[in-house]
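To start, the structure itself, in structure tokens.
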Amino acid sequence: MTVTRIAAVAAHFGADIARALDKIAGIIDRLAQDGVDLLVLPDASLGGYIGDLRNPDPAAGPEAIDPDGPEFRLLCRLAGDMTICVGYAERADGVRYNAAVCLTGDGVLGRHRKVHQPAGEHLAYAAGDRFAAFDTPVGRIGMLIDYDKTFPESARALALDGARTIAALSAWPASVTDRASRMPNDRQSRLFDLYDQARAAENQVVLASSNQTGITGNLRFLGQAKVVGPGGDVLAKTWSKGGLAVADLDIDAEVERARRVLRHLDERRVDAYHNLMTEKSGY
């Protein structure tokens with residue numbers, strides 16, 4: 001039995017990268033003492049997120065970081081044996097991507113560029129074009145960045161690539177078009193939780209969901225970090241304020257238990273999904 005301690009973070013990270021690195025260093029130090037094996041930080045932990053989804057100003061967007069820059073060399077030194085997923089704005093190919101990296105003390109293990117873009121986000125970031133899982137000390141992992149998890153195909157692609165844990169890093173705000181007086185009544189709050197549980201259950205994987213908190217521009221972030229088991233059950237959760245969702249589980253054993261009778265990936269009927277195989281859909 002190999003128990004993995006997973007911690008998903010709900011916290012506010014702003015535009016100051018040096019300050020964010022100090023904050024992350026403190027989190028890593030404390031959680032290393034608590035025996036955390038996998039730490040999932042929010043999207044945009046390094047550099048913050050855009051402050052307006054409808055009309056973002058590209059010139060005022062988050063500072064973009066070189067994917068091989070000193071920030072990640074520092075995080076690798078801090079990580080030690082811990083596996084860490086962190087979101088940032090990536091500078092590459094002359095454009096900026098909303099990106100995530102997974103690393104340990106041995107170096108970078110995997111990367112992801114956000115594929116799906118809500119509203120006006122395309123004005124601030126270029127889009128990624130793939131989903132791929134990768135091996136880590138805590139098993140095979142795939143990453144999603146906030147709006148990616150709205151689309152079942154995203155998590156399914158990672159599960160089919162062997163991911164048994166999905167790290168879903170978010171800078172997910174409350175509704176900007178239909179604000180609720182109380183966060184639990186917010187439409188985006190409900191969807192955020194629904195997608196986390198659905199993506200875990202339909203693929204029978206563990207999902208660790210992090211999110212920003214606080215306010216950036218006109219966006220009020222939800223928090224609601226959580227760890228979800230492969231049956232869709234929430235094992236640990238924060239609320240709208242900053243905090244840690246921590247769960248201990250044997251990932252392989254939990255996944256195998258969920259797949260003992262019903263094996264969703266094996267029982268798909270690909271021959272019946274004709275409309276998913278068209279050139280227009282991208283399959």
Side-chain angles (χ1 to χ4, degrees), residues 1-14 16-48 65-90 99-112 132-145 158 162-170 205-213 225-227 235-236 238 242-255:
M1 180 176 178
T2 302
V3 174
T4 298
R5 176 162 288 185
I6 301 172
V9 177
H12 178 70
F13 292 90
D16 189 326
I17 293 174
R19 183 174 180 181
L21 286 168
D22 285 343
K23 184 173 184 175
I24 292 170
I27 292 171
I28 292 171
D29 182 63
R30 178 159 64 91
L31 295 186
Q33 296 177 48
D34 292 339
V36 167
D37 302 296
L38 172 62
L39 171 62
V40 181
L41 291 155
D43 177 34
S45 290
L46 299 178
I65 303 173
D66 186 322
D68 297 314
E71 297 85 358
F72 301 110
R73 292 195 291 274
L74 171 60
L75 288 178
C76 286
R77 291 197 298 271
L78 294 171
D81 294 333
M82 193 183 298
T83 300
I84 299 172
C85 300
V86 61
Y88 68 106
E90 178 184 297
V101 63
C102 182
L103 51 82
T104 69
D106 292 329
V108 171
L109 304 173
R111 298 184 183 275
H112 176 61
F134 48 89
D135 294 321
T136 79
V138 294
R140 196 158 175 83
I141 287 179
M143 294 189 292
L144 302 175
I145 298 177
L158 294 174
R164 292 198 158 201
T165 300
I166 292 177
L169 297 77
S170 291
V205 296
V206 174
L207 186 142
S209 173
S210 61
N211 197 18
Q212 291 262 5
T213 61
K226 65 182 71 64
V227 179
L235 305 177
T238 72
L244 292 168
V246 180
D248 297 327
L249 67 162
D250 184 327
I251 295 171
D252 285 337
E254 289 298 316
V255 169

Measuring from Glu90:CD to Asp68:CG, what's the distance to the nearest 0.5 Å?
8.5 Å
To the nearest 0.5 Å, how far apart are CG in Leu38 and CZ in Arg5?
12.5 Å
I need the minimum non-hydrogen distance between Val9 and Pro42, along with the two atoms involved.
O-CG, 3.7 Å
Side-chain touch Leu74/Leu21, heavy atoms, less than 4.5 angstrom
yes
Check: Thr4 and Leu249 side chains under 4.5 Å, non-hydrogen atoms:
no
Less than 4.5 Å apart, any side-chain heavy atom of Leu46 and any of Leu41?
no
Contact check, side chains of Arg111 and Cys102, non-hydrogen atoms, under 4.5 Å:
no
Any non-hydrogen side-chain atom of Leu31 less than 4.5 Å from a side-chain atom of Ile28?
no
Thr2 versus Asp252: any side-chain heavy-atom pair under 4.5 Å?
no
Quick one: are Leu169 and Leu144 in side-chain contact, heavy atoms under 4.5 Å?
no
Full working for side chain to side chain contact (heavy atoms under 4.5 Å, CB included) between Val101 and Ile84
CA-CA 8 Å; Val101 63; Ile84 299 172; over 6 Å; no
Do the non-hydrogen side-chain atoms of Ile65 and Phe72 ever get within less than 4.5 Å of each other?
yes
